[in-house]
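Ligands are counted one by one from 1 in listed order, and the atoms in each one are counted from 1 as well.
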Amino acid sequence: MTGDWWQSGVVYQVYPRSFADGNGDGIGDLAGLTAHLDHIAGLGADAVWITPFQTSPQKDHGYDVSDYTDVDPLFGDRAGFTAMLGRAHALGLRVIIDIVPNHCSSEHPIFRQALAGDESARQRFHFTRTPNDWPSVFGPAWEPAGDGTWYLHLYAPEQPDWNWRDPRTAPFFDDVLRFWFDLGVDGMRVDVAYGLFKAPGLPPLPSDVTPSPGRLRSNPLACDQPETPEVYRRWREIADEYDPPRVLIGEVNLEPARAARYTGPERLHQAFAFGFVVAPWDARAWAAVGAELLEHPPVTWVAENHDVIRTPTRYGNPARARAALLTILGLPGAAYLYQGQEYGLPEVDVPAEDRQDPAWLRSGMSRDGCRVPLPWPEGFPAPPWLPAPDGWERHLDSPSLPLTRAAIALRRDLRPSPAGPVEWSVDGDDRLTARHPAFTLVVAMGAGPVPLPDGEVLISSDPLTADGLLPPDAAAWVRSAA
Ligand code: BGC
């Protein structure tokens with residue numbers, strides 16, 4: 001690959017409680033992850049991104065952190081983390097972890113001090129006697145503190161928002177970054193990276209703004225303030241103090257032109273491109289998403305994560321999910337795969353009584369269906385925290401697995417550049433074509449089979465028809481004859 005590894009690397013996302021269980025309590029942990037790192041290395045991934053395992057009451061499965069520099073006993077301890085890191089590095093995998101700077105846990109010692117009435121600690125959050133009319137992503141945004149005041153939480157009430165206008169907040173997070181970077185962590189995925197600062201004075205919503213439930217970006221006062229991208233100048237300086245420099249990837253859930261303000265040589269290295277997460281199975285929609293994102297390289301392609309419906313279900317069938325996998329692996333830029341995507345796992349309709357997502361409990365939106373623990377050949381040692389449906393282990397034989405390995409291996413050999421150019425086209429049969437210097441990606445998104453351009457078919461997500469056509473719901477990479 002050309003450029004730095006992160007510009008065109010393949011990163012495998014691990015949601016620890018649902019990955020692999022090392023101690024038999026039904027919840028995945030760091031020991032389980034360590035034992036299965038060879039599976040991730042065997043796929044050909046360059047790095048693993050681990051969602052929060054830090055100390056947390058688990059009200060949002062770790063995105064409510066009560067100690068930013070320790071490991072929750074549910075997942076292990078610091079020694080277990082160091083062992084995992086050592087094993088990953090020995091296998092050639094870099095390790096990216098989550099940092100959650102927008103909010104902490106209501107059990108965080110500083111928030112507990114604030115709740116107990118310490119005025120100085122209160123300044124570090126958003127306490128008021130006159131709450132405004134903002135909603136949170138998971139329901140109402142203000143929680144009574146019990147003494148006539150209220151505090152702001154843009155997610156669950158157990159996730160109070162830090163006040164980034166308090167001068168103690170930025171140095172606090174500098175120390176968190178340094179702690180993990182000193183340990184040898186290769187990078188950070190920044191949770192709600194476009195949050196942090198709120199509009200000064202927390203004014204009420206303007207009359208023409210109606211935030212949509214579940215979408216932080218639909219409240220322009222609660223996120224994407226001019227001060228926020230500036231935070232990452234400071235973080236980049238810290239990341240660049242290390243050898244090799246550490247990498248910062250932001251969850252910047254804004255339209256690509258706005259998200260681009262958070263990245264660059266003096267800010268975050270990358271921001272996730274969520275275009276394929278929201279686009280329907282439609283050739284024109286995908287071409288538009290791809291072209292728009294590639295205006296802001298290097299792109300970080302992603303189709304699945306722990307917050308969204310898995311692709312076989314979202315796009316309607318497993319063949320489309322394989323085609324989507326070959327698409328994100330076949331475009332210039334980095335690609336993020338979510339655990340289980342290599343097995344083509346579908347979304348699970350978790351019975352209502354078993355659901356555990358706080359978003360489900362507060363707003364009726366459940367992300368549990370993409371968080372069901374992975375099937376392993378040896379099984380989960382105890383009943384998993386979310387029940388797996390009958391026959392879950394049949395996915396171990398999914399054609400997605402050899403496809404993922406083969407596509408990542410080819411991608412390494414073909415060295416697609418980290419940035420474009422990519423020429424997108426869509427024809428009358430809903431055939432999507434993305435031509436770039438390494439090869440041409442074709443996706444058959446209409447009802448019938450489509451012809452492929454002349455050249456060598458390097459890989460396809462399903463076998464070609466007897467007369468050499470790409471069947472519907474399939475993708476292929478073709479090296480042009482010329
Ligand atoms: C994470 C979610 C989490 C939220 C609050 C998100 O963007 O990906 O899983 O609920 O941040 O921390």
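- In summary, the atoms of ligand 1 found under 4.0 Å from a heavy atom of F138, numbered by their order in the structure, are 10 (O).
- The nearest heavy-atom contact from the protein to atom 10 (O) of ligand 1 is D60 OD2, 2.6 Å.
- Among residue pairs with one or both ends in residues 173-185, those qualifying as side-chain hydrogen bond (donor to acceptor under 3.5 Å, both in side chains) are D174-R234, R178-E241, D182-Y242; sequence neighbours excluded.
- The ligand atoms of ligand 1 that sit less than 4.0 angstrom from a heavy atom of H103 are 5 (C), 12 (O).
- Aromatic ring pairs are classed by plane angle as parallel below 30°, tilted from 30° to 60° and perpendicular above 60°; the pair F276 and W301 is tilted.
- Atom numbering of ligand 1 starts at 1 in the shown order; those under 4.0 Å from a heavy atom of R371 are 9 (O).
- If you number the atoms of ligand 1 from 1 as listed, the ones under 4.0 Å from a heavy atom of H306 come out as 1 (C), 2 (C), 8 (O), 9 (O).
- Considering backbone and side-chain atoms together, D191 places an N or O closer than 3.5 Å to an N or O of ligand 1.
- For atom 8 (O) of ligand 1, the closest non-hydrogen atom of the protein is D307 OD2, 2.5 Å.
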Taking it one step at a time, do R310 and E304 satisfy salt bridge (Lys or Arg N to Asp or Glu O under 4.0 Å)? CA-CA 6 Å; R310 286 197 181 266; E304 288 195 12; 3.0 Å; yes
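- A salt bridge between E251 and R189 is present, with a side-chain N of the basic residue lying under 4.0 Å from a carboxylate O of the acidic one.
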side-chain hydrogen bond (donor to acceptor under 3.5 Å, both in side chains) between D64 and S66, worked out: CA-CA 7 Å; D64 48 318; S66 54; over 6 Å; no
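- Aromatic rings of Y315 and W286 (six-membered ring for Trp) have centroids within the 6.0 Å cut-off, being under it.
- Taking R168 as the reference, D166 meet the salt bridge (Lys or Arg N to Asp or Glu O under 4.0 Å) condition, with sequence neighbours excluded.
- For R367 and W360, the positive end is not near the middle of the six-membered ring at less than 6.0 Å and at most 45° from its axis.
- Close approach of ligand 1 to V192 (heavy-atom distance below 4.0 Å) involves ligand atoms 11 (O).
- Contacts with ligand 1 closer than 4.0 Å are made by side-chain heavy atoms of R189 only, the backbone lying farther away.
- Annotation: atom 7 (O) of ligand 1 to nearest protein heavy atom, E251 OE2, 2.4 Å.
- For ligand 1, the atoms lying closer than 4.0 Å to a non-hydrogen atom of Y63 are 1 (C), 3 (C), 9 (O), 12 (O).
- Residue H61 places no heavy atom under 4.0 Å from ligand 1.
- Atoms of ligand 1 found under 4.0 Å from any heavy atom of R367, numbered from 1 in the order shown, are 2 (C), 3 (C), 9 (O), 10 (O).
- Taking a cutoff of 4.0 Å between a charged side-chain nitrogen and a carboxylate oxygen, R355 and D357 do not qualify as a salt bridge.
- Of the protein's heavy atoms, Y155 CE2, 3.7 Å lies nearest to atom 4 (C) of ligand 1.
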